[in-house]
Every structure is written in structure tokens, then in C-alpha cells.
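Below: the structure, in C-alpha cells.
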Amino acid sequence: MVKMSEMPNFQTLLNKISRVSVQLKTKEHLFNQTNFQILSIALLLEEMGEFNLVSYKLQLEDKLSILYSFFPFCFENCSQKEISNHYSFIDNYRLKKELKERDDPLGNMYQNILTKSMKQRKGIVFTPVEVIEYILIHMDFPNSEELTSFGNLIDLACGSGLFLTTAIKRIIRQSKYLQLKPQEIINYIEKTIHGFDIDPLAVFLTKVNIARAILSELEEEYPKDHILELKIFQTNSLERRSKKDTSEVMKLKTSKFDYVVGNPPYIESKRMDSNTKLICRTNFPNAVMGSFDLYNCFIDYGSQLLSKKGKLGYIIPNKFLISRYGKNLRERFLKENIISQIVDLAHQKVFRPAVYPIILILNKKRKYKDQINMVSDVSLDELLRENLDAKKISVDLYTYERTINKTIFFLDNLSLQIVKKVFDVSKINMNDLIRFRWSVSFHRKGLRKLFVSRKPQGKHPMKFIGGKEFGGNREVERYGINWRGYWIDYDREKAKGLRNNFQNLKFFTEEKIFLCQHSLRIRATIDRESYISKDIFLLGHLKEKADKLNVNLELILATLNSKLFSFLYATMYAGTEIMGRYLHYLPMFLHDLPILIPSSEDIIQISNLVNAILSTTDNKNKQKIDNMIDDKIFQIYGCNKEEVEYITEYIGLNLKK
């Protein structure tokens, strides 16, 4: 994004326009729209003058009349007369000299007037042009054959119109190559390019930016007697039936499109208003499981709008690949075999730190029927400048279909080989043997102090791990507990009275596994001393099936703590990554991990090693036993020397401080 300090004329002019709007007592809900309208007109007039569509020598009133004959939508909030009377100074500014080829000055200024909270509330994240170009190229847009058969394109949340303007520039360049006439090109654009946005200012900016894009490509060849009519509409895309929608918009919402593109808004359900939640749950029931995100509904809707040969290209958070709310869509896309390509941009700082993006491309008419092209760890520069074949790997659909959660993950060839091997030898999942659940949570500020102390007190004092406020989670290590001396009054009746229910005490008094929710590699241990734990640790209890299969906690603990399974989780669930590359270990993903039941002899040997490491206090001896456990896990899963070395190196590089 261009900084406003790099566009002083734009900022100075916008400030002056704003001061006049204040003096004119412009209504609050029209203030920004009016200001951007005036600014846009100033920019368009200058660009039209550059291409000899309007003379610089004319009076402003005459220039505005010519502009109206081309782009009447520019005067939706403010008339030609009002502009001539109150904003005549716009004729004195020259703005083009501050712009570079790919600048979106109006979009940049729109972003700058939005506060951080407004961006979060609206779910707005602006898209780099490199990403847009990549999506359009790999959707084969525009297909030269479609320039005569009208392949429709829509952006369901068009913002300032970057996807649409980039698409239009590609249409015009391809049309020129095919020697189409300017009027034919504009007719094609008007017929095939569509955009929706809930924000009227965004709709206006999109129209202006499309006009600018057409002017920049056609220049003097723009038809002088043509009034540009664009299918860009203000509407809530996700609201299938709205009294506010025109008949044309209502028809478009049920039409089919050959291309659906965009960067849909990212809003977690906890940040949504009740009406938005209701719209999502009513219209997109398959996209709203649990704590869903708004972008998932846009994926669902966009995929439903695709024609028989349709393609979808979105940039979205990588959480889509693993989330519970995305499972139904992943399962449907895998079953229908329409996922063409996924590109990993997670570590390229494309968006704000909390968002790790991917590019998702769907194609309902794929040539290759059994594989998905996965492109990992790509930078913005590489998107357009490099041949990405070296980072591309084709993965069988079955690799993802065999997971309970229908998880989609990025792998290199050797990682894929290892993951396939573990799945091939494992007949069941962790979910068959163990249940992980949450532990003690304090849901309101101040509750912790009513239960937690440095000495035993209350009716039911018990040792408590995770007791220190903001104290981290180092009380649970791999094969050990470092209790820091905190106690909890485990009074369930008292907690219930405060509307903060505690788990059944048996979940803590039974032998169990403690596992850290946030860490680099998996950190877990067995507790046989009835500790209570805060919710930064998960509780793991054996299921009935484990007893029938002669599986004990020692085997599961050894498996989880092994290098192999930390590697497995980190590769399969990289989308759980939080700040600092720590992973979020959640029950639904732990349950999804495959597990092999070894021979009785192997189970006894592993159990003896685990009990030995749990009982030793000698760090050197602990490390020796830990290595022996790792070697045993590698052995029973059939990992060869190359795979062991690769996993060990991966752990050292990625899952250690």
C-alpha cells in the first residue's frame, strides 16, 4: 500500500475538500462519499485531459458536463452545479505525477480513513496486485475464446475494485491482441464484469477505478459517445433475498458465473452482529459449524455460483484448510474433485500478523482428476517472476480424504512420503483410543482470585498447575510436571453459583495425560497425582476401546511425545500456527492423528521406557531414554534412515527455540 506521505497532493486536496464539506454541513452518512466523489472527479478529469478526451483549457463547468456524458455515476451524491460552485479549486491540482503504474490511490485513501476497529468489523484486508494477477493467470482469465462468447466474472465483496480493474486490464490487452474494436471491448466489459459490496463508498470507488482502468488502456481510443454502464451494486452478497435489492441484483444472486474472484471479508463469528450471524446460518448452514468465519460463507456461496465450467480464485486465511467450520466445504470439494491449486503465502506477511493467507483455486472442469497442485512457501515476488514448479507438488486426493477432518496440508515430497507411510500402517486414529478435553477455565475477570491461592484453602483444596496469572505453560514438560506451588479450591457448587462450571472431579483424579495447548513441539506427560489444571493444558483419558486393544497411556504418551508425531502434527496442522510459530494443539486435530497398535512385546518395551523416564530425575539419563523411545517409534512405523534424519533436522529447525 502506498503511504499517504508519498501522495501529498492527494492528501492536501482531500483535506481541502473535507473542510468545504464541513462548511456545507454535509450529512454525516454522505460525508466520505461526497469527499471521495469530488476527489475522484479531479483525478478522472486530469486523466481524460491526458488522453485528449477533455481539454485542459475548458472551464470546470464544461469539463464536468463532458465527464457526465462519459461517467454519470460520478455525480450520484453531488451535482455538477454544486461542484462548480463549491469545489472549483479541484481544477488547480495535478495528481497523476504522484502515481505509479500499479497504484490504487483511491483505495489507499479509503483504507487510511478506516480505523483499525472498522477494518476488523468490516473484515477488510486489501490485496496485493501480485496475488490478483496470479489468480487470474491460473484461472486462465480471460480465455481468448470467451471474448466472443461472454464468460461472466463476479467479485462478491469487491472493495475498491482491484480484482475487477486488474481483470479488465487483462481483457483489454487480450482484446487488442485479437484486434477487437474499442466499442466491442467496452460492450464485453459491461456485459461480463460484475461486483457486489455492502459499502456504498466501496461501490463508488470500484466504478471510478474501472473507468480509470479502461481509460488507461484505451487512452484516446475510448469511444467519445459512449456512456459507461457498469454492473457494480451495493448489496449484502450473503443475503439471498433482500427488499433493498433491485430485480437485477436479485437475478444475479441466483445466476451462474464462469469466474468468481476475490478477497472475502474475514470476520470471526464472535465479532459479528446478530443479523449477520442469522443471515449466515439461514443461507449457508454447511459453512457455519462452531466458531465460524464470514469468509467461509463467501467460499460456499462463490462455489455455488460456478457454472459447469466455472472457476473460483480467492485469497483466504489458511485456517480454511484445517478448521472445523471448513470441514463440510473441504469434504464437498474433495468429493467433487474441484480443487485445482492451493498456494501457501503464510509466512510472507501479506496481511496483518494474525492472518496467514493461501490462494485457493477451484475448477469445475479439471483436466487432472486425482491430484491437487500444492505450492508451498511462496513470496509475492516469486508469484509472477519465478517458475514455481520446484515448489509445486501434486498430492493425491486420497491423502486428504483419509483424515477424519478432511484436513488439507502442504508437504514436500519426502514429507508426503512420511505422512503416507504413517497413514498406511495405521489402521485407527487417536480418536478411537483417547479423548482429549478441556480443563479449568475462568470465564470472567476476577474469578481466578476466588479459587486460586499459594496455600491450601477452601472446602476442596487441590494442587493446581497453570495457577500463576500469565505464567506460561512450562509446568508441563515432556515426561514431567514442575508444580509451582499453586492450589485451587475445587468447589463445584461455588463455581456453579458463579456461572463458571468445573469439570467432574473424576477427570482429574483418574490417571491421565496432560498436554500443552500452545508449544513448538508436543509437550505431554502422565499425571498420577490428581493435579487439577488450567485450560492451557488438555486432559487425555483412555477410551474403552483402548483397553480391548491392550493400549495404555504409556504407549500414547510415547507416540505423542515422539519426534515423528510432532513432525506429523506440524506438517498436517501448520494452519494452527500462532505468533512466533508456536502451534495450537487442539482436541479435534489430536484425535485425527493416525496411530499404529504395535505388538504386545513392543507395547511392554515402550511402557517400561516411559515409566523409566517419568521416574528419573537425571537429565542425562532422561535424554538417553527419550532417544530410545524416539528410535522405537521410528522403528515400529518403518521410518528409514533418510526419513529419520529429515524429521530430526525439521524438529531442530522449526520446533525448537
Side-chain angles (χ1 to χ4, degrees), residues 131 134-141 259-262 286-287 295-296 298-300 302-304 306 308-348 356-378 382-383 386-424 568 570-576 589 592 594:
V131 170
Y134 184 91
I135 287 174
L136 294 172
I137 289 169
H138 287 266
M139 294 173 72
D140 191 25
F141 179 89
Y259 303 94
V260 177
V261 298
N286 289 325
Y295 74 81
N296 207 48
F298 277 88
I299 297 172
D300 192 4
S303 67
Q304 293 178 36
L306 293 178
K308 291 182 180 179
K309 61 177 181 178
K311 300 174 183 177
L312 178 146
Y314 277 175
I315 179 166
I316 53 175
N318 65 353
K319 286 184 179 179
F320 172 71
L321 303 180
I322 65 167
S323 64
R324 182 185 173 207
Y325 58 74
K327 179 185 175 182
N328 287 339
L329 296 186
R330 293 194 301 273
E331 189 167 18
R332 174 161 69 85
F333 296 162
L334 289 170
K335 184 177 180 180
E336 295 175 0
N337 190 22
I338 61 174
I339 304 175
S340 174
Q341 183 178 152
I342 303 175
V343 181
D344 177 23
L345 299 169
H347 295 114
Q348 301 308 320
Y356 299 96
I358 58 167
I359 293 171
L360 171 69
I361 297 178
L362 306 180
N363 182 355
K364 291 192 75 172
K365 195 176 180 180
R366 295 213 299 149
K367 293 180 180 179
Y368 304 103
K369 298 297 183 182
D370 59 349
Q371 293 181 321
I372 301 172
N373 287 325
M374 305 293 291
V375 188
S376 61
D377 198 23
V378 179
E382 289 174 320
L383 274 179
E386 305 289 336
N387 183 335
L388 297 179
D389 287 346
K391 294 191 172 187
K392 184 184 298 181
I393 179 170
S394 297
V395 182
D396 294 336
L397 296 177
Y398 180 61
T399 301
Y400 304 128
E401 288 174 331
R402 69 203 300 187
T403 64
I404 299 172
N405 196 47
K406 309 307 173 191
T407 306
I408 298 175
F409 37 85
F410 292 93
L411 301 167
D412 57 31
N413 282 305
L414 189 51
S415 297
L416 178 60
Q417 174 182 309
I418 295 167
V419 170
K420 281 185 173 181
K421 178 177 286 187
V422 174
F423 271 98
D424 286 343
L568 200 65
T571 51
M572 288 178 62
Y573 300 111
T576 66
F589 303 137
D592 206 8

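The figures here come from the full heavy-atom set of this structure, side chains too, leaving out hydrogens, waters and symmetry mates.
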Exercise for the section: With the side chain counted from C-beta on, respond yes when Lys319 and Tyr325 share a heavy-atom pair under 4.5 Å apart, and no when they do not. Expected result: yes
Exercise for the section: Locate the shortest heavy-atom distance separating Arg332 from Ser303; write the atom from each residue and the value. Expected result: NH2-OG, 2.8 Å
Exercise for the section: Rounded to the nearest 0.5 Å, what's the gap from CG on Asn296 to CD1 on Ile316? Could you check? Expected result: 8.0 Å
Handout entry: Interatomic distance, Arg366 atom CZ to Gln371 atom CD [nearest 0.5 angstrom]
Key = 8.5 Å
Exercise for the section: Please tell me if the side chains of Phe320 and Leu329 come closer than 4.5 Å, counting only heavy atoms from C-beta onward. Expected result: yes
Handout entry: Shortest non-hydrogen separation from Arg402 to Lys420 and the atoms involved
Key = NH1-O, 4.2 Å
Handout entry: Polar side-chain atom of Asn318 near backbone of Ile358 as donor-acceptor pair, under 3.5 Å
Key = no
Handout entry: Nearest-0.5 Å distance that lies between atom CG in Leu411 and atom CG in Leu416
Key = 5.5 Å
Exercise for the section: Please answer whether the main-chain N or O of Ala574 pairs with a side-chain N or O of Tyr356 as donor and acceptor at a distance below 3.5 Å. Expected result: no
Handout entry: Distance-minimising heavy-atom pair for Lys406 and Leu334
Key = CB-CD1, 4.2 Å
Practice task
Test Gln304 against Leu306 for side chain to side chain contact (heavy atoms under 4.5 Å, CB included), laying out the working first.
Solution key: CA-CA 6 Å; Gln304 293 178 36; Leu306 293 178; over 6 Å; no
Handout entry: Residue list, salt bridge (Lys or Arg N to Asp or Glu O under 4.0 Å) with Arg324, at least two apart or on another chain
Key = none
Completion exercise
Contacts of Lys364 meeting salt bridge (Lys or Arg N to Asp or Glu O under 4.0 Å) (sequence neighbours excluded), chain-then-number -> none
Handout entry: Student check: side-chain heavy atoms of Ile372 and Leu397 closer than 4.5 Å
Key = yes
Problem - Side chain proximity check, Leu383 to Leu345, heavy atoms < 4.5 angstrom - result: yes
Practice task
Heavy atoms only: give me the nearest Ile299-Leu312 pair and the separation to one decimal.
Solution key: O-CD1, 4.3 Å
Handout entry: Intermediate values then yes/no, side chain to side chain contact (heavy atoms under 4.5 Å, CB included), Val260 and Tyr314
Key = CA-CA 8 Å; Val260 177; Tyr314 277 175; 3.6 Å; yes
Exercise for the section: Compare all side-chain heavy atoms of Ile408 with those of Phe333 and state whether any distance is below 4.5 angstrom. Expected result: no
Exercise for the section: Working to the nearest 0.5 Å, report the span between CD of Gln341 and CG of Leu360. Expected result: 10.0 Å
Exercise for the section: Compare all side-chain heavy atoms of Thr403 with those of Phe423 and state whether any distance is below 4.5 angstrom. Expected result: yes
Fill in the blank from the handout: Sorted by chain and number, sequence neighbours left out, ring-ring contact (aromatic ring centres under 6.0 Å, His included) with Phe409 holds for Tyr400
Exercise for the section: Please name the pair of heavy atoms, one in Tyr573 and one in Thr576, separated by the smallest distance, quoted to 0.1 Å. Expected result: O-OG1, 2.8 Å
Practice task
In sequence, state the C-alpha distance, the side-chain angles, and the governing distance for Leu568 and Val419, and then conclude on side chain to side chain contact (heavy atoms under 4.5 Å, CB included).
Solution key: CA-CA 7 Å; Leu568 200 65; Val419 170; 3.8 Å; yes
Handout entry: side-chain contact (heavy atoms from CB on, under 4.5 Å) partners for Asn413, two or more places apart
Key = Ile393
Handout entry: Residue pair Ile135 / Ile315: nearest heavy atoms and the distance that separates them
Key = CD1-N, 4.2 Å
Problem - Approximate separation, where rounding is to 0.5 Å, of Arg330 CZ and Thr407 OG1 - result: 5.5 Å
Handout entry: Short side-chain to backbone donor-acceptor contact, Lys311 and Met139, under 3.5 Å
Key = yes
Handout entry: Counterpart residues, salt bridge (Lys or Arg N to Asp or Glu O under 4.0 Å), relative to Asp412 (two or more places apart)
Key = none
Practice task
Output yes when a side-chain donor or acceptor of Tyr259 lies under 3.5 Å from a complementary backbone atom of Leu136, and no otherwise.
Solution key: no
Exercise for the section: List for me each residue that meets ring-ring contact (aromatic ring centres under 6.0 Å, His included) alongside Tyr134, sequence neighbours excluded, and say none if there are none. Expected result: His138
Problem - Flag if over 12 foreign heavy atoms under 6.0 Å of NZ, Lys335 - result: no
Practice task
Side-chain contact test, heavy atoms from C-beta onward, threshold under 4.5 Å: evaluate it for Val375 versus Ile359 and give yes or no.
Solution key: no
Handout entry: Minimum side-chain heavy-atom gap Lys391-Asp389 below 4.5 Å
Key = no
Problem - From Asn405 atom CG to Leu321 atom CG, the distance as rounded to the nearest 0.5 Å - result: 11.0 Å
